[in-house]
Amino acid sequence: MSRGVAAALVSSDPAWAIPDLVPASGPVSIPTGPAGPGPRIPVRIRRRLPARRVLPDAPALFGWLGNRFAPGEATIWTGASSAIDRLLELLYAGSTLADGRISLLEGANRFNPYRIAEQGQALGLEPDPVLAGIRLARAFTAYQLVALVDGWSAEARRRRPTLLIGHELPALFGNPEELPPEEREPLLRYVAERLADLVEGTGLPLLLTVSEGVATFPGLAEKGPRFCDLVRLIPRPAGVELASVREGRRLLMVHRSPGQLGLEEFAPPDATQEVNPWAAPPLPTVRHSRND
């Protein structure tokens, strides 16, 4: 798959027009007033079954991840950013298998259509439907991100995705040359409040990736959406361990060496269970993508 072809697979229709949402008179206003009640317990958990699955039940990884989403609640992923990004690429492909649609707000500018297409191909999917199922909005400054969060609820009501994803939203708030340090915490608290309004108003599940932990997102624990679960991605010698705070359950994703056979190689032809390698080379295809 050449660069030109892969780039064309990403929808040319922008999720939101960033220039129209950034106020012409300057940065967005920072909410003022009393600080409010003291901090709550970081993980607020209330079990509620999803109205529909955002991921298929198989392979087993998707079933495990799918059980950690609930309508109107947020799921948090923390841990190594490289592991989070690879797992997100798998999730995008899994959403396509479940006929899902994703609304993605990108805060770290690490959306890689080539690798996402490769993950889809590894699951037997064509690149077009995988990438077409992701509606992407990028922010390049903290003020742009605040404006996009303000418009996210209206966007979600128009498009009706099955899953909302906020990828590393605090990442844009750490540059003192673009954002005065005294504005960082009030703005992030405002974003957390708007995210709570978003999931409560739409009833959709929300995935937030915060690689450095909830503490780096001021207001998320106190003013943000109700948490369905918090999943920690922990590097292990054998691979990556996923640890669910809600249930105390763990899933180990192991590396597979090139050429090593998996259990699916010995399954009968009509078996529905698969084993997915973690961080293994993609299956060979006629056209190869380039990750520049």
Side-chain angles (χ1 to χ4, degrees), residues 9-11 15 50 52-71 73-138 156 159 161-169 199 204-211 227-234 239-244 246 249-254 274-280 282:
L9 294 177
V10 181
S11 174
R52 61 163 290 180
R53 300 282 292 182
V54 299
L55 292 170
D57 291 326
L61 169 64
F62 291 148
W64 195 93
L65 291 174
N67 287 333
R68 266 122 210 112
F69 293 106
E73 298 180 0
T75 298
I76 315 296
W77 288 1
T78 67
S81 60
S82 58
I84 287 176
D85 290 351
R86 293 301 300 271
L87 191 58
L88 269 180
E89 291 160 7
L90 279 170
L91 183 145
Y92 298 144
S95 174
T96 303
L97 287 175
D99 296 322
R101 301 174 306 282
I102 289 174
S103 178
L104 168 64
L105 179 51
E106 175 60 65
N109 197 23
R110 292 204 299 265
F111 183 85
N112 190 322
Y114 305 101
R115 290 218 309 237
I116 294 168
E118 288 172 353
Q119 291 293 352
Q121 289 173 330
L123 292 171
L125 299 168
E126 292 295 326
D128 302 67
V130 175
L131 294 171
I134 306 169
R135 190 162 175 82
L136 168 66
R138 299 177 193 260
R159 300 291 178 174
T162 54
L163 178 62
L164 308 169
I165 299 179
H167 180 230
E168 301 298 329
L169 302 188
V199 297
L204 294 170
L206 168 67
L207 170 61
L208 293 173
T209 70
V210 191
S211 59
F227 289 179
C228 170
D229 204 351
L230 187 149
V231 177
R232 295 190 177 98
L233 278 69
I234 307 167
V240 176
E241 182 179 280
L242 298 135
S244 164
R246 187 189 76 211
R249 301 187 64 179
R250 297 172 183 265
L251 178 71
L252 181 62
M253 302 176 63
V254 298
E274 301 178 40
V275 177
N276 279 339
W278 169 252

K.L.:
Does Ile116 reach the side chain of Ile134, with side-chain heavy atoms less than 4.5 Å apart?
P.N.:
yes
K.L.:
Mind checking what makes side chain to side chain donor-acceptor pair (under 3.5 Å) contact with Arg249, not counting sequence neighbours?
P.N.:
none
K.L.:
What pairs with Glu106 under salt bridge (Lys or Arg N to Asp or Glu O under 4.0 Å), at least two apart in sequence or on another chain?
P.N.:
none
K.L.:
Do Leu163 and Ser95 come close enough that some side-chain heavy atom pair is under 4.5 Å?
P.N.:
no
K.L.:
Does Leu87 reach the side chain of Val240, with side-chain heavy atoms less than 4.5 Å apart?
P.N.:
no
K.L.:
List the steps, then state whether side-chain contact (heavy atoms from CB on, under 4.5 Å) holds for Met253 with Leu90.
P.N.:
CA-CA 12 Å; Met253 302 176 63; Leu90 279 170; 4.2 Å; yes
K.L.:
Does the side chain of Asn109 reach to within under 4.5 Å of the side chain of His167, using non-hydrogen atoms?
P.N.:
no
K.L.:
Does a side-chain heavy-atom distance below 4.5 Å link Arg101 with Arg159?
P.N.:
no
K.L.:
Can you give me the closest heavy-atom contact between Ala98 and Arg53, atom names plus distance?
P.N.:
CB-O, 4.5 Å
K.L.:
Any salt bridge (charged side-chain N to carboxylate O under 4.0 Å, His left out) involving residues 89-100? Give me the pairs, sequence neighbours left out, ordered by first then second residue.
P.N.:
Arg86-Glu89, Glu89-Arg115
K.L.:
Which residues pass the salt bridge (Lys or Arg N to Asp or Glu O under 4.0 Å) test with Arg232, sequence neighbours left out?
P.N.:
none
K.L.:
Hey, does the side chain of Thr75 reach the backbone of Arg68 with a donor-acceptor pair shorter than 3.5 angstrom?
P.N.:
yes
K.L.:
Please find the pair of heavy atoms, one from Tyr92 and one from Ile102, that lie closest to each other, and give the distance.
P.N.:
CD2-CD1, 3.5 Å
K.L.:
Please list, chain by chain and in numerical order, all residues satisfying salt bridge (Lys or Arg N to Asp or Glu O under 4.0 Å) with Glu168, sequence neighbours excluded.
P.N.:
none
K.L.:
Can you find a heavy atom in the side chain of Pro161 that is under 4.5 Å from one in the side chain of Leu204?
P.N.:
yes
K.L.:
Within the distance-only criterion (no hydrogens, no angle test), does the side chain of Asp229 pair as donor or acceptor with the backbone N or O of Arg246 below 3.5 angstrom?
P.N.:
yes
K.L.:
Just list the side-chain donor-acceptor pairs under 3.5 Å for residues 58-65, sequence neighbours left out, or say none.
P.N.:
none

K.L.:
I need the minimum non-hydrogen distance between Pro205 and Val54, along with the two atoms involved.
P.N.:
CG-CG1, 3.8 Å
K.L.:
Taking the side chain as C-beta and beyond, is there a heavy-atom pair between Leu233 and Leu242 under 4.5 Å?
P.N.:
yes
K.L.:
Can you give me the closest heavy-atom contact between Ile234 and Ala243, atom names plus distance?
P.N.:
CD1-CB, 4.1 Å
K.L.:
Kindly give the heavy-atom pair with the smallest separation between Ala93 and Leu123, and that separation in Å.
P.N.:
CB-CD1, 3.6 Å
